[in-house]
Amino acid sequence: MSAVTRLPEPRFDTPPASPQAWLHDWLAQALEAGQIEPTAMNLATVDAQGRPSNRTVLFKGFYETQLTFYTHYTGRKGEELGGNGAAALCFWWDRLDRQIRLEGEARPLPEAVSDAYFAGRGRGSRLGAWASEQSRPIESRTQMEDKLAAVEERFAEQEVPRPPHWGGFGLTPRLIEFWQGRDNRFHDRIVYTRTPAGDWTLSRLQP
Ligand SMILES: Cc1cc2nc3c(=O)[nH]c(=O)nc-3n(C[C@H](O)[C@H](O)[C@H](O)COP(=O)(O)O)c2cc1C
């Protein structure tokens, strides 16, 4: 098992008024920490009855102050986010013994932003986005491969445009919690909550 490195974090003693720089720093440090998937984050959504579901997606950078990820708009999470937008994200970095939790609203990114991201994906991934009706049942792997073959034929020798059912979401956080593991489970937690005026209030939570 690889060793945990608890990096010094003076911000737990004197938290800054805004969490933005702290968030950027921890994401950057996670990229350097030797994690296999440092950008993997758990994404929770809720359906119209308030029932939650979650799954892992990859963080793809900031759009303004929003955390972005890309997916199918017509899959389960896409439809739930299209319905009410309520979402929560959670990063966990075992190498650093750190967690960041975020809660807020997720909205589709502007089409031009999704187009630019999609254009940078490999051709195989672009074709796969057309071939999959995410979250829908299918009889067999063979049928899935047949769907991919049909898409390959459709776009043979042409660029693969972004499918209208696929693109990015951006989550605007209204709550961000920084969690640092400490000895004897006496962990540090600082939570920021955005006020309606757009400022942040912060509190220290018991572990
Ligand atoms: C490490 C990892 C990264 C993933 N990244 C994404 C992603 O960025 N976008 C995505 O749509 N699915 C991603 N998935 C698959 C999702 O976890 C999920 O299976 C899929 O999006 C369907 O979710 P849904 O049916 O709730 O909509 C990833 C899975 C893993 C394990």
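Whatever order the structure lists ligands and atoms in, that order sets their numbers, starting from 1. Given the structure is predicted, the values throughout are model-derived calculations rather than measurements.
Close to ligand 1: Tyr70, with a non-hydrogen atom less than 4.0 angstrom away.
A distance below 6.0 Å separates the ring centres of Trp22 and Phe12.
Taking a distance limit of 4.0 Å, we find that atom 8 (O) of ligand 1 is approached by some protein heavy atom.
In summary, the atoms of ligand 1 found under 4.0 Å from a heavy atom of Thr71, numbered by their order in the structure, are 10 (C), 11 (O). When each atom of ligand 1 is checked for a heavy atom of Ser135 under 4.0 Å away, the hits are 24 (P), 25 (O), 27 (O). For ligand 1 and Arg76, the ligand atoms under 4.0 Å from any heavy atom of the residue are 24 (P), 25 (O), 26 (O), 27 (O).
Using a 4.0 Å cut-off between charged nitrogen and carboxylate oxygen, Asp183 and Arg6 count as a salt-bridge pair. Between Glu79 and Arg136 a salt bridge is recorded (basic side-chain N to carboxylate O distance below 4.0 Å).
The residue among Asn42, Leu58, Val57 with a heavy atom at the shortest distance from atom 12 (N) of ligand 1 is Val57. Within the set Ile36, Thr56, Thr74, Leu81, the minimum heavy-atom distance to atom 13 (C) of ligand 1 is found for Thr56.
In this structure the side chain of Trp166 never reaches within 4.5 angstrom of the side chain of Gln134, judged on heavy atoms. Contact of the Ser53 side chain with the Asp47 side chain is not registered, since no non-hydrogen atoms from C-beta on lie closer than 4.5 Å. The closest side-chain heavy-atom distance from Tyr192 to Gln20 is not below 4.5 Å. Between Lys77 and Thr71 there is a side-chain heavy-atom pair separated by less than 4.5 Å.
A parallel orientation is assigned to the rings of Tyr70 and Tyr117, their planes being inclined by less than 30° (bins at 30° and 60°).
When only interatomic distances are considered, the shortest N/O to N/O separation between Gly78 and ligand 1 does not fall below 3.5 Å. Residue Arg55 places at least one N or O, backbone or side chain, under 3.5 Å from an N or O of ligand 1.
Counting heavy atoms under 4.0 Å from ligand 1, residue Gln134 touches it through the side chain alone.
Lys77 NZ, 2.5 Å is the protein heavy atom nearest to atom 21 (O) of ligand 1.
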